[in-house]
Amino acid sequence: MRESFDDAMDALAHEPDEPERYCEAFLTVFPVEGAAVSTIGQVLGSETIAASDPMAARLDELQFDLGEGPCWDAMRSAYAVLVPTIRSTGPARWPAFTESVVRDGVSSVFAFPLTVGPLRFGAVDLYSAEPVSLSDEQAEQAGAMAEVVSRHVLSRALTSIGVDEEETVSAYSRRLVDQAS
């Protein structure tokens, strides 16, 4: 049984310092298999803050590398991107991204922008291998949850200014990959 929206919002509100828990809140409420929270673009750079599983992390990395995909559209427009059947609607919007994710068995993708006021700096991505849709109410709820996550992500970024970078880097950080290469 899926957790209630109110319980998930309460969990998000009380766990601002645990980014790995952000994804769990979405997975407990919505009919999706994976979630990722990432910053993209110039405001905070491109980094996966949290991912529920390796596939969610891969979807983020693909979008970073290709410069296309639902998280980019959500961030640029400040609106949710809802694609219940990526095989039919994705190729025209994101040809390279769609080809890769369909090959990986992804059927549905959804992205909700991370915004605070006029700042647009990332997205929450949700995916499912099985084709699923989100109702209008679910999309609205996911957007409200993304707003809470937005404030946490921005707050973490602001409080990390001047802190040793190695202390604030997530397990999915592109900075770690850059340093390793």
Side-chain angles (χ1 to χ4, degrees), residues 2-64 69-82 109-128 134 137-178:
R2 296 229 174 249
E3 186 176 312
S4 80
F5 169 69
D6 291 336
D7 291 341
M9 285 291 277
D10 188 52
L12 280 174
H14 291 93
E15 312 236 6
D17 295 327
E18 297 185 48
E20 60 279 355
R21 305 286 307 266
Y22 301 163
C23 296
E24 291 174 25
F26 288 88
L27 297 178
T28 62
V29 177
F30 306 110
V32 295
E33 296 170 32
V37 176
S38 59
T39 57
I40 53 173
Q42 296 179 353
V43 175
L44 298 178
S46 297
E47 178 179 6
T48 300
I49 304 296
S52 62
D53 57 72
M55 179 58 74
R58 176 172 157 60
L59 295 180
D60 263 7
E61 289 297 316
L62 277 171
Q63 292 178 87
F64 295 156
C71 74
W72 284 101
D73 286 4
M75 191 267 307
R76 288 179 181 135
S77 71
Y79 290 104
V81 175
L82 310 173
V109 293
F110 309 99
F112 299 88
L114 296 180
T115 63
V116 173
L119 292 176
R120 301 174 187 179
F121 51 87
V124 174
D125 287 337
L126 308 176
Y127 81 88
S128 177
L134 297 180
E137 179 182 27
Q138 288 172 319
E140 188 175 307
Q141 290 172 338
M145 292 169 68
E147 286 179 20
V148 173
V149 171
S150 297
R151 291 190 299 272
H152 293 326
V153 169
L154 185 58
S155 177
R156 287 175 53 83
L158 293 173
T159 58
S160 70
I161 294 172
V163 175
D164 183 12
E165 192 173 287
E166 290 182 19
E167 293 178 31
T168 61
V169 174
S170 81
Y172 302 100
S173 176
R174 295 173 71 79
R175 289 179 276 181
L176 289 178
V177 172
D178 290 342

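Computation of the quantities below employed the complete heavy-atom set of this structure, encompassing side-chain atoms and omitting hydrogens, waters and symmetry-equivalent molecules. The model shown is predicted, which means the values in this text are computed figures rather than measured ones.
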Sequence neighbours excluded and cut-off under 3.5 Å, please list the side-chain donor-acceptor pairs for residues 112-126, or say none.
from: Arg120; atom 1: NH1; to: Arg76; atom 2: O; distance (Å): 2.3
from: Asp125; atom 1: OD2; to: Gln63; atom 2: NE2; distance (Å): 2.8

- Query: For Tyr127, what residues pass the ring pair (Phe, Tyr, Trp, His ring centres under 6.0 Å) criterion, not counting sequence neighbours?
  - Reply: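 In terms of ring pair (Phe, Tyr, Trp, His ring centres under 6.0 Å), with neighbours along the sequence ignored, Tyr127 is linked to no residue.
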- Message: Are more than 12 heavy atoms, taken from residues, nucleotides or ligands other than Glu20, located less than 6.0 Å from that residue's CD atom?
- Response: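 Enclosed: over 12 neighbouring heavy atoms sit under 6.0 Å from CD of Glu20.
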- Message: Can you list everything that forms a side-chain contact (heavy atoms from CB on, under 4.5 Å) with Asp10? Sequence neighbours excluded, please.
- Response: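 In terms of side-chain contact (heavy atoms from CB on, under 4.5 Å), with neighbours along the sequence ignored, Asp10 is linked to His14.
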- Task: Can you measure from CG (Leu12) to CG (Asp7) and round to the nearest 0.5 angstrom?
- Result: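 So the CG of Leu12 and the CG of Asp7 are separated by 11.5 Å.
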- Message: Please report the interatomic distance CD(Gln138) to CE(Met145), rounded to the nearest 0.5 Å.
- Response: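 Here the rounded value is 11.0 Å.
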Is the closest side-chain heavy-atom distance between [X] and [Y] below 4.5 Å?
X: Phe26; Y: Val32; result: no
X: Leu134; Y: Pro31; result: yes
X: Ser38; Y: Phe64; result: yes

- Pairs meeting criterion salt bridge (Lys or Arg N to Asp or Glu O under 4.0 Å) with involvement of residues 24-43, two or more places apart: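 Every salt bridge (Lys or Arg N to Asp or Glu O under 4.0 Å) pair that includes a residue of residues 24-43, provided the two are not neighbours, is Arg21-Glu24.
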Closest non-hydrogen atom pair, [X] against [Y]:
X: Leu44; Y: Ala157; value: CD2-CB, 3.7 Å
X: Ala36; Y: Asp60; value: CB-OD2, 3.5 Å
X: Ala35; Y: Ala56; value: O-CB, 3.3 Å
X: Val81; Y: Pro70; value: CG2-O, 3.8 Å
X: Gly41; Y: Ser46; value: N-OG, 3.6 Å
X: Ala8; Y: Thr28; value: CB-OG1, 4.3 Å

- In chain order, what residues pass the side-chain hydrogen bond (donor to acceptor under 3.5 Å, both in side chains) check against Gln141, with sequence neighbours excluded?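 Gln141 satisfies side-chain hydrogen bond (donor to acceptor under 3.5 Å, both in side chains) with no other residue.
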- Message: According to side-chain hydrogen bond (donor to acceptor under 3.5 Å, both in side chains), who are the partners of Arg151, at least two apart in sequence or on a separate chain?
- Response: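 By the side-chain hydrogen bond (donor to acceptor under 3.5 Å, both in side chains) rule, Arg151 matches no residue at all.
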